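Since the structure is predicted, the reported quantities are computational estimates derived from the model, not experimental observations. Whatever order the structure lists ligands and atoms in, that order sets their numbers, starting from 1.
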Amino acid sequence: MSEQKRGMHGIWTGRWTFILAATGSAVGLGNLWKFPYITGENGGGAFVLVYLACILLAGIPVMLAEAMMGRKKRMSPINAMKELTTEAGSPSFFRSIGWMGALSGFFILSFYSVIAGWALVYVGKLASGAMAGITADASGAAFGAMLADPAGLTIWHTVFMFLTGVVIARGVNKGLESALNILMPILFVLMLILFGYSLTTPGFMQGFHFLFDFDFSKLTTESIVVALGHSFFTLSLGMGAIMAYGAYMPAKQSLGKTIMWVGFLDTLVALVAGMIIFAIVFSNGLEPSSGPGLMFVSLPIAFGTMPGGIFFGTVFFILVSIAALSSAISIAEPAVAWAVEKGFTRVKATMVICSVAWLIGLGTVLSFNEWAEYKLFGKTFFDSLDFVTSNVMLPLGGLLIAIFVGWFMSSDMIKNELKMKNDTLFAVWRFVLRFISPVAIALIFINGLGLL
Ligand code: TRP
């Protein structure tokens, strides 16, 4: 039975496909939309430094662990965890890594699709020329008007969820690989163009200082929790997405190097996005702490004034939508792969899973208008869902993964799969995974629970 499941979903065809797919998963709204706005809300530099430390000390080590577990078992995280826990003789609650991950996936996908819907709206806004020469005030007002319209938000949420479903249903090779090969390079080029533009704006240096001057007096417990949570969110960790993608990775490829690349590219995109957005924010007198609207309000101002801005702006939001799409599919993949192993067709599995996530997403749609006043612990539906997934569920998943791989899987099991030639590097990674990552996550986590 389980031998039938192994490898049933397909294998990435090219050497580079895993890097592409994992980078496609990692680079998304988290980098372009969320990173700049939470950096703005948490005061800038010191937050960025903590975020970078979390990427290095928890994110990358856990990412390697996840990909390794996935490739070793070649099945959905839920079933992979069943076998891994049995083989390692570990307590069976480590299986919750699989279950909890799939559950986090539903929650994350639900709001991710709503925000990606905003990007779709902005494709139209830019293409129509409505943003040409727009002022900061008008840009803010346009964003506000979009949020105030639940029907519009629902339509674009639906469109995005549908697109996600189509790609997932087509499967690993046909659905994803081909698109990513072309789109990811274009995204990088466009970001370079925007970066070039941001260098010419008067606020560039102010934005740069905001991002990179470390003022620790601005650091609160909440911002440390948010930095950790975001390092998991942005690398797609703690819920099995990378485990699922690792399961489709060719056996020969070196995992360590690959993961370093993914971590590097993801961080690079986030920092560049931050520099671009804060340059525009400070050049136009916008508030860095203005929240989820930051990217949507600031970038149209840039596109509205730069030469060829209508064209670049349209292309940019198309790419944001695509970056979101390549991430969204990875959020659903653990649950879909599991349902397929259960005997559902891929199409049915996709339909059920996307519909449930879509339904939960309506809560996020309403939290920006009709339900804006309903708050739980001071947070709207969307804020609560975002907080609980990023800052509780993902770190908890990461913690369990670090403990499981660090303490329960034998070195031989791991070494076989990693094919890491450098013993020192292996030892360093294992040490970090055993001692540093779990302690760091646990400390931050316990502090974070106090915030609930
Ligand atoms: N990493 C993506 C981003 O930054 C989002 C994402 C994709 C994700 N897969 C995930 C987040 C799995 C958490 C878990 O936009």
Protein residues that have a heavy atom under 4.0 Å from any atom of ligand 1, sorted by chain and number: Ser25, Ala26, Gly28, Leu29, Gly30, Asn31, Ile108, Tyr112, Phe233, Thr234, Ser236, Met239, Ala241, Ser327, Ser330, Ile331, Leu394

Salt bridge (charged side-chain N to carboxylate O under 4.0 Å, His left out) partners of residues 23-51, not counting sequence neighbours, each pair once: Lys34-Asp386

Trp33 and Tyr37 aromatic ring geometry - parallel, tilted or perpendicular at 30°/60° bounds: tilted

From CG (Asp266) to CD1 (Ile55), nearest 0.5 Å: 6.0 Å

Parallel, tilted or perpendicular, as decided by the 30° and 60° cut-offs, for the rings of Tyr122 and Phe143: tilted

Show which side-chain atoms of residues 154-161 pair as donor or acceptor with protein atoms under 3.5 Å away, not counting sequence neighbours.
{"residue": "Thr154", "atom": "OG1", "partner": "Pro150", "partner atom": "O", "Å": "2.7"}
{"residue": "His157", "atom": "ND1", "partner": "Ser113", "partner atom": "OG", "Å": "2.8"}
{"residue": "His157", "atom": "NE2", "partner": "Trp358", "partner atom": "O", "Å": "3.0"}
{"residue": "Thr158", "atom": "OG1", "partner": "Thr154", "partner atom": "O", "Å": "2.5"}
{"residue": "Thr158", "atom": "OG1", "partner": "Trp358", "partner atom": "NE1", "Å": "3.0"}

Identify each donor-acceptor pair in which a side-chain atom of residues 392-409 lies under 3.5 Å from a protein atom, sequence neighbours left out, and give them as a table.
{"residue": "Trp407", "atom": "NE1", "partner": "Arg434", "partner atom": "O", "Å": "3.1"}

